[in-house]
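Take a look at the structure set out below.
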Amino acid sequence: MNGIIGRRGALTGLAGILAAASLPRSAGAQPRGTVTASLLGNLPNIHPWHVGNVETGAANLLAYSNLLKVGVDGTLVPDLAVALPQISDDGLSYVFELRRDVRFHNGDRLTADDVLYSYEKYLATGRRRGNLRRFISDVQKDGDYVVKVSLKDPWVGWMRLMGYEAAIVRRGTDVTNEGATGESLYRGSRAAGCGPFIPKSFRADVEAEFEAFPEYFGGAPATQTIKLVRIPDAATQLANLRAGSVDIISNCPPKDFAPVSRESGFGGAARPSAGIFYMPMNVAKAPFDNIHLRRAVSCAVDRDYICEEIYSGLVTASALPASPNEFWYEEDLAKQLAYDPDRAKFHLRAAGMPRGFAFEAIVPVPSAYVEAREAAVVMQANLAEVGIRMNIRQTDFVSMYRSAQNGDWQAFPHPSMQSSVEDYLVWNNYHKDGNQARWMGYRNPAYDTAVMESFRYLDHARKKPALRKVTEILVDHCPALWIGRLNAYHLWRSDISGFGPRYSYFMDLTSAKKG
Amino acid sequence: MASFLLGRAATLALVLFGASVLIFLVVRALPGDPAIAMMTSNATPEEIQAMREALGLHLPLWVQYGSWVSGALVGDLGRSFTYSTGVSRMILDRFPVTLHISLAALVIAMAIAIPAGVLAAKHKGGLIDHLARVIAMIGISMPVFWQGLLSILLFAVILRWLPPGGYEPLSAGIGVSTAHILLPAVALGTAYAATITRMLRASMLDVLGREHIAVARAHGVPESTIIWTDAFRNALIPTLTAAGFSFGYLLAGAVLTEVIFNLPGMGRLLYESILARDYPLVQGLVLLNVTVFVLINFSMDALYALLDPRIRR
Amino acid sequence: MPEMLFEVRDLVTRFRTEAGEIHPSRHVSFHLAEGEVLGLVGESGSGKSVTARASVRLQQPEGATIGGALLFRGQDLRKLDAAALRALRARQIAMVVQDPAAALNPVMTIGRQLTRIHRLHGGTEAAAREAALGLLRRMRIAEPEARMAAYPHQLSGGMRQRVLIALALICRPALLIADEPTTALDVTVEAEILALLDELRRELGMAMLMISHNLSVIGRICDRVAVMYAGRIMEEGPTAALLAAPAHPYTRALLASVPRGSKADGPLPAIPGEPPDLARLPAGCPFQSRCPGAAPDCTQDQPLRPIAPGRRAACWRAAA
């Protein structure tokens, strides 16, 4: 309790508060109108703890709040907490002070008991409770409005993960009821959340409707009704936007994005997200147990071409896990893995395979966010130029993960969306305790130490040296081919305001407004 | 008649039993694991195991099968892994959509195919025949999604005559409902019409070459009667079988049409339930499709008997 | 001399096949007097069936007939429009074909098939029914009322052929084209049907063009015979005279191949050599390659020429 968050962190927090305050929400004004947004992926439920994709994330943001939420640019901003938490020096203790003006949809006031109830239930029953259970040792209250979270190991990333998929519900809410009829958390409960909108109707995979919650602690929403409709094809989404049957679309074919966003009558924006497009290589198995071959692959792929020509700039090329616009990007390190066929040939010679080698890439079809198949073909051509043969095997995601878990894989290029790259992916993939580390096959105590060190800080300045160490090791060992970072991009009709893409890739429609 | 129905019911039961075993095993033979599908890659192995247990996947196969079948017998097809909703309920929700679209597509297909097929055969080698053939070729070879997108662009975006997609049931008003269903039904129906036109044309040509047509002509039966009474009814019989089977496929769900036109039908549901390894949902949907196929078969048999006195008893 | 009923002059038909153009009828001429029976005989593929059908404009496609005059009671059928032609059908010209199983519409009752023809040509339903029942009785069909409600597949082959004949005769035509009417039947039924047909023909005073590859059938009921080969009439004359003393080498070969004392079922037994390829006919006589008496002048065309009173043949060396 003696530590205080870094100055930089406080500033970001403040910026977040200011940003929230300046949102087009005016207290007292009646919510009106309807904003309809289309989603590409499935919307199987609107349970607060079953966020499995960005679509469920969008619904979650409307109906639920959490202690903190992930801001537009990926920084953490206070939500039910009045400010970012105080983090102890050892990085193990987090103290949150709750707002006192929060009401649930049924009118009940939020207190620390609701938070405790939610964490208790989430850690016991939440679908993806494993990550939080791995780090959180207990959650306690100190009076009605202070909550203290103790960790087993330092990990600032838990707050992003929490913002991602573990919303606060009113205490006593039945979280496990999966009854086929009636109101339940799966199909939307009018009483469980304290977000700006109340679930009104829900048809799995088809549509969900939310109505404004006038007593929302952030001020009554500007819009009376938000409709989420599922349109599972990007080109059709665009047609629907043009026809005016939806106001905002989650996706469009990448090549259409820039032209349409410049068209009069339409708006659009893209921003860096937590998503990454990369190709892990199985370091535990030939041929990629040879570090030179991994590096050869990394130097042989023309990321700029893939990102600009195939994905129309909606993937930002980077040879590192960090995007060039992020604080932990290291220019000098990126150069070592950047596209350079001569360097690739050098690594092939170093590996004793000057004439190249062959490997199999498992490509998921269909893949979310961007089609991996399209890039895989370019990679294949790039690699062939230095003598490396990449055989493509197309399969669906589930089969791919199955193969991965059985260790039966060599490489798989795929897009992935995480709660954060620096606070989650680097741990999840290669730290010895990471969920995917078992099948990634990578073991390195020095790396584990560097990751855990970076996990102690929220503040960029303090975090950066540790992340540089992490990146150095990753560049040195090259367990994956990093191709680029995904940008979140959406299009909307020009009469829509208060909406834009977010780091989390979730569509945040809470302040969207028409006219 | 009663024995006919009884026999058919027994066949249906047998087919369904066989199908249930097959479906059950095939679904489980798919590589991958529903627990992984639900948890995605970021889950811990413990979480995946917990999910497997929650889904009952740790039980022996015969136990899983037994509980599925005993439920299915009383109309309970289990609970969807993905949607945590009863499978029967999901199907009840989706089936009317697919049925509605399929029937509309069938009507459109028949309205196109019957005159086109008959006229093409009547004027074999003539302008109408060539025109019908070219159009049918386009209908068959133009991907449904392409045709769908073009029609959305034209009728919904440019002309703004029709909505670009979505589904409204008949209860929402016949006008609204039809406006929503028109484009997908046409997209689906034209592809279907192309197939039926070709079959009907071939079948008509076959019949028109038969001796009884020559005899009818020799006795002064007018050409229109020859075409529509003498030839068409005979040509319809083989065409109907093929059309019936195609209709079965329509009902099984036209995935692309449902995706492009954003229709919450069974095709899309089946496709996604397979990707998600949602065993109960896949099983339920496939079982329903098998039932529909068998029933269509039966009704084709009945229709056959109605049209063809040779197999009437 | 009875009055001329039907005269075909120089009929030419043409089909396009993958092998090239063929001419199933090449300048075919024949005639029938009222009440006369002309037999058109030849092997399969000789063009007799196409010729017979084309002569009454029943060949499909119609455009295949490219030349000739088809004079029915002095009126050229080729100059009639569809309606006028249709008015002649059934009442003036009718047809019986070989395969009764295929010649009846399988999805229409016998009664409906019979009565609709009668009604097409101006009868009432009751009159049509009366005529149909009478004719079925006349055809010695038991329980005609029940048969009227039956579908073709419920009848035997012989029964179907009787129905087919009834269908042709229901409007009492003046000319019947009988295209191998008994070929599909077994011998006893064949004799019975032939006798019945002959009897009805006499009763109605109807002329008949009888197409057959079976010389014994021809011999039994025809007044005159025309022998066809490769789209041409090779020889023509009164039945008895022609069968007793064939003038054309082809007719002789044909007669020689008929087994004695039994019904010649199916195609005629072999005449040495291959039947000609209609797409690649030699100049002159089409039979030259198989003819035992072939000579250099056979490559010159020899049209039918009179060789005796009432007899004509298309051979340089033919003599009665």
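For the numbers below, each heavy atom of this structure counts, side chains included, while hydrogens, waters and symmetry mates do not. To find a chain, count down the sequence lines: A is the first, B the second, and so on, and within it residues start at 1.
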Quiz item: What residue, out of Ile213(B), Ile237(B), Asp230(B), Val215(B), has the most heavy-atom pairs lying under 4.5 Å from chain C?
Solution: Asp230(B)
Self-check item: Segment of Arg119(C) engaging chain B (4.5 angstrom heavy-atom cut-off)
Solution: neither
Quiz item: Looking at Arg53(C), Arg86(C), Gln98(C), Gln154(C), which one has more heavy-atom pairs under 4.5 Å with chain B than the rest?
Solution: Arg86(C)
Quiz item: Which atoms of Leu120(C) come close to chain B, meaning under 4.5 Å heavy atom to heavy atom: side chain ones, backbone ones, both, or neither?
Solution: side chain
Quiz item: Should Glu223(B) and Arg217(B) count as an ion pair when the cut-off is N to O under 4.0 Å?
Solution: yes
Quiz item: Can any side-chain N or O of Ser55(C) pair as donor or acceptor with the backbone N or O of Ala52(C) at less than 3.5 Å?
Solution: yes
Quiz prompt | Polar side-chain atom of His180(B) near backbone of Leu263(B) as donor-acceptor pair, under 3.5 Å | solution = no
Self-check item: Which atoms of Ala168(C) approach chain B - backbone, side chain, both or neither, heavy atom under 4.5 Å
Solution: both
Quiz item: What part of Arg116(C) is in contact with chain B, defined as an atom under 4.5 angstrom from a non-hydrogen atom: side chain, backbone, both or neither?
Solution: side chain
Quiz item: Would a distance-only check, ignoring hydrogens and angles, find a side-chain to backbone donor-acceptor pair under 3.5 Å from Arg73(C) to Leu5(C)?
Solution: no
Quiz item: Where on Leu167(C) is there a heavy atom nearer than 4.5 Å to chain B: the side chain, the backbone, both, or neither?
Solution: both
Practice problem: Please report the closest heavy-atom contact between Ser203(B) and Pro238(B), naming both atoms and the distance. | Solution: OG-CG, 3.2 Å
Quiz prompt | Ion pair Glu145(C)/Arg137(C), N-O distance below 4.0 Å | solution = yes
